[in-house]
Asks: 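First the structure, which I've put down as structure tokens, then a few questions once you've had a look.
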Amino acid sequence: MNIYVCIKQVPDTEAVLNIKEGKFINEENIKWIISPYDEIVLEFALQLKEKNSDFKVTLITVGPPRAESTIRSGLAMGAENAIHIEASDYLDHKTIAKALAQALKNEGDFGVIFTGKQAIDDDASLTHIYLAQSLEIPVVTNVIGFQMEAEKVIVEREIDQGAREKIEMSIPCVIAATKGINDVNEPRYATLMGIMKAKKIPIKKISIQDLGIEGATPTVTTEKLEAPPEKPSGRIIEGEVTESIKELVRLLKDEAKVL
Amino acid sequence: MSNVGVYIELRGDEFKKANREALGLARSSGKDVYAIIFARDISAYENEFKGIPKVIQIKNENLTYQPDVYAATIANIMKEHQLNDLLGVASAQGKDLFPRIAANTDGSIINDCIAVDFDNHTVKKPVYAGKLISTFKLSGEFRIITIRPNVFPVKEKGSDNQPEVIETGIVKVEEKLKIIDVIKSETKKVDLTEAEIIISGGRGMKAKENFKILQEVAEVLNAGVGASRAAVDSDYATPDMQVGQTGKVVNPKLYIACGISGAIQHFVGMKTSKVIVAINKDPEAPIFKKANYGIVADLFKAVPLLKEELQKIL
Ligand SMILES: Cc1cc2nc3c(=O)[nH]c(=O)nc-3n(C[C@H](O)[C@H](O)[C@H](O)COP(=O)(O)OP(=O)(O)OC[C@H]3O[C@@H](n4cnc5c(N)ncnc54)[C@H](O)[C@@H]3O)c2cc1C
Ligand SMILES: Nc1ncnc2c1ncn2[C@@H]1O[C@H](COP(=O)(O)O)[C@@H](O)[C@H]1O
């Protein structure tokens, strides 16, 4: 089966972000990484492949030329193939999803398509739904458990209060995974050999124009990007712990009024 | 004429508190508000709907959530009643359902909003894990918005006017997936993303059993119990308890961090908490720079004391 993992390149979680022209981030000096949920689900896909020798794991990404470094990291972890749909940045989610869908259709034979539950740049939680819509296949969000049987998959999706919905659907399908899917919490480190091998894997490059994605005007546009208001820096409540806890409770009740 | 719809999310029969926030926000628009609810009987929610002009009640045999059916039904209702703005909660269900509604109506959507301007069709939401705030403009006929819990004020009890109830049925579409079971968690947990108070433990908790002391405080406060990733990775806590970049983003009015150093990936998951308290034995721990109140102490001393003090006043 052909497994696809959709990965998005995002700024490193520790990156300090500066705003450019009021609505973009300044990309200078930013380190780019695979969005963490995508990295976890890639790890999971690779584990599936290790158990099923006829599975093939292909990475697919929509992004500017710099996204290639992220694809290489994914290949170094052990994916076998990669598709890079080259586009300018700042595409809306529907367009990204349409591009992914069209490229997958062109590939022809796809089975399970994995995505993260959200990309950690704009935390949209949208692309997987639009992708499934374009492909007219089922999609489940927030997936924490996954099992495959003949022509179908059974997944568990995390809902409120630690409860789970158990869901059955046919293949092909889109699975938007959260951290901890089948207890996978950590991506593997790429080995030196993996990195060397990844350098030699050809990445299939497609320009978004070639996919014939019409240039519909996006329905959502960014008007402004700003820093959130600063929190006043905190106060240490001094004193012996019995006293300081008493004082804390008083402050929470009378000053902060949160009790 | 343009109206605002509010999707009411039930947990079993329970009316989620965040619905009141969505209803409150909808009312602030000055437009006619339509609450949309899937339920056989809504008499238990009479008080919640006071002062809301219209309630659309969808009677359905199957009481479990059906993503495609719900999305198609709501999309239909939006068109029929000119609900050009639709509000809901950015919960697990909201984030599953609302994008599907957007896909169905060809509407514009933003999840997890912290401000909504109904006249200019703009919303604000935290991006880059809350490091920045983005203002988005939603265009097109239908604007679909999920709101972050605990941000908007709850609907005040309005007039005693009872709403007009419009009964309808589901739109029958082929459901591409089948929910075959709902597995409850063994212990009834307060949902972190909606909790008003959270007490979290980190690596400083030292062992799984020690989370019991947090649980005890949580019981006094009716709070949720969270954890840092280090605590989850060390198996002191379960993954659904993780707060942060790759865990849950929470937004309580009070967040108490115990034995957590305050790494950026943890901080971004809880930074919008109204009040942050840190209990840590290391006075240099970065968490103290971010907390409103800090206690430098051994948590194994401080937490039981905290419980005692809280019991006195609650
Ligand atoms: C891509 C990525 C994603 C991540 N996502 C997350 C995430 O979602 N959530 C998250 O939390 N982390 C996340 N992390 C990890 C994060 O960087 C930190 O490693 C983690 O938050 C540290 O957890 P901690 O504060 O519990 O542990 P530590 O940093 O080890 O801190 C333990 C603290 O406990 C204190 N302590 C010890 N004993 C006591 C005692 N008896 N009494 C009082 N205080 C005591 C110590 O002084 C110390 O400050 C992520 C990292 C990466 C790279
Ligand atoms: N540009 C992209 N290229 C490939 N996959 C993407 C892209 N954007 C989003 N995705 C996938 O869709 C998921 C949800 O992203 P988002 O809707 O942006 O929160 C991500 O976790 C990725 O798996």
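Protein chains get the first letters and strands the later ones, always in sequence-line order, with residue 1 at the start of each. Values below: every heavy atom of this structure, side chains too, minus hydrogens, waters and symmetry copies.
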Asks: Taking 4.0 angstrom as the limit, do B:Asp240 and A:Arg164 come out as a salt bridge?
Replies: no

Asks: Whether the side chain of B:Ser139 engages the backbone of A:Thr219 through a donor-acceptor N/O pair (distance < 3.5 Å, no angle test) should be reported.
Replies: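 Indeed, once roles are kept as given, a pair shorter than 3.5 Å links the two residues.
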
Asks: Let me know if A:Glu165 has heavy atoms under 4.5 Å from chain B in its side chain, its backbone, both or neither.
Replies: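 Contact with chain B involves both backbone and side-chain atoms of A:Glu165.
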
Asks: Pick whichever of A:His128, A:Lys23, A:Glu14 has the most heavy-atom pairs under 4.5 Å with chain B.
Replies: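 Sorted descending by pairs with chain B, the first entry is A:Glu14.
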
Asks: If you count heavy-atom pairs under 4.5 Å between each of B:Asp233, B:Asp96, B:Val123, B:Ile279 and chain A, which one has the most?
Replies: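 So the answer, after comparing B:Asp233, B:Asp96, B:Val123, B:Ile279, is B:Asp96.
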
Asks: Within a strict 4.5 Å, meaning less than it, do heavy atoms of the B:Val127 and A:Leu225 side chains meet?
Replies: yes

Asks: Tell me, out of B:Val182, B:Ile179, B:Asp68, who's got the most heavy-atom pairs with chain A below 4.5 Å.
Replies: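 Ranked by contacts with chain A, first place is B:Ile179.
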
Asks: Are B:Lys178 and A:Lys152 side-chain neighbours, meaning at least one heavy-atom pair lies under 4.5 Å?
Replies: no

Asks: Measure the shortest side-chain to side-chain distance between A:Asp160 and B:Glu194 over non-hydrogen atoms and say whether it is less than 4.5 angstrom.
Replies: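 Of all side-chain heavy-atom pairs linking B:Glu194 with A:Asp160, at least one is under 4.5 Å.
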
Asks: Between A:Glu156, A:Arg157, A:His93, which has the largest tally of heavy atom pairs under 4.5 Å with chain B?
Replies: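 The residue among A:Glu156, A:Arg157, A:His93 with the greatest pair count is A:Arg157.
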
Asks: At a heavy-atom separation under 4.5 Å, does A:Arg250 approach chain B through its side chain, its backbone, both, or neither?
Replies: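 When you check distances to chain B, no heavy atom of A:Arg250 falls under 4.5 Å.
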
Asks: Between A:Pro36, A:Ala132, A:Ala124, which shows the greatest number of heavy-atom pairs under 4.5 Å with chain B?
Replies: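 Option with the greatest count: A:Ala124.
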
Asks: I'd like to check B:Asn111 versus A:Gln118 (side-chain heavy atoms, cut-off strictly below 4.5 Å). Are they in contact?
Replies: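 Not touching, per the 4.5 Å side-chain cut-off.
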
Asks: Are B:Arg229 and A:Glu186 within salt-bridge range, i.e. N to O under 4.0 Å?
Replies: yes

Asks: What part of A:Ile144 gets closer than 4.5 Å to chain B, counting heavy atoms only: side chain, backbone, both or neither?
Replies: neither

Asks: Side-chain contact, heavy-atom cut-off 4.5 Å: B:Ile110 with A:Val220?
Replies: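 Result yes, sub-4.5 Å side-chain heavy-atom pair found.
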
Asks: Which of the residues B:Ala92, B:Gly140, B:Ala102 is involved in the greatest number of heavy-atom pairs with chain A at under 4.5 angstrom?
Replies: B:Ala92

Asks: Would you call A:Ile245 and B:Lys301 a side-chain contact if the rule is heavy atoms closer than 4.5 Å?
Replies: no

Asks: Before giving the answer on side chain to side chain contact (heavy atoms under 4.5 Å, CB included), spell out for B:Glu309 and A:Leu248 the whole-Å C-alpha distance, their side-chain angles and the decisive distance to 0.1 Å.
Replies: CA-CA 9 Å; B:Glu309 286 304 314; A:Leu248 171 70; over 6 Å; no

Asks: Go through the atoms of A:Val139 and report whether side chain, backbone, both or neither lie under 4.5 Å from a heavy atom of chain B.
Replies: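 For A:Val139, the contact with chain B is made by backbone and side chain together.
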
Asks: Find the one option among A:Ile40, A:Asn185, A:Leu251, A:Asn142 whose heavy-atom pairs under 4.5 Å with chain B are most numerous.
Replies: A:Leu251

Asks: Is there a side-chain contact between B:Asp106 and A:Lys94, using heavy atoms and a 4.5 Å cut-off?
Replies: yes

Asks: Under 4.5 Å, counting heavy-atom pairs only, tell me which of A:Gly239, A:Cys173, A:Ala256 racks up the most with chain B.
Replies: A:Ala256

Asks: Is there side-chain contact between A:Ile120 and B:Thr246, with heavy atoms separated by less than 4.5 Å?
Replies: no

Asks: Please flag which part of A:Lys117 lies under 4.5 Å from any non-hydrogen atom of chain B: side chain, backbone, both or neither.
Replies: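 The answer is the side chain of A:Lys117.
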
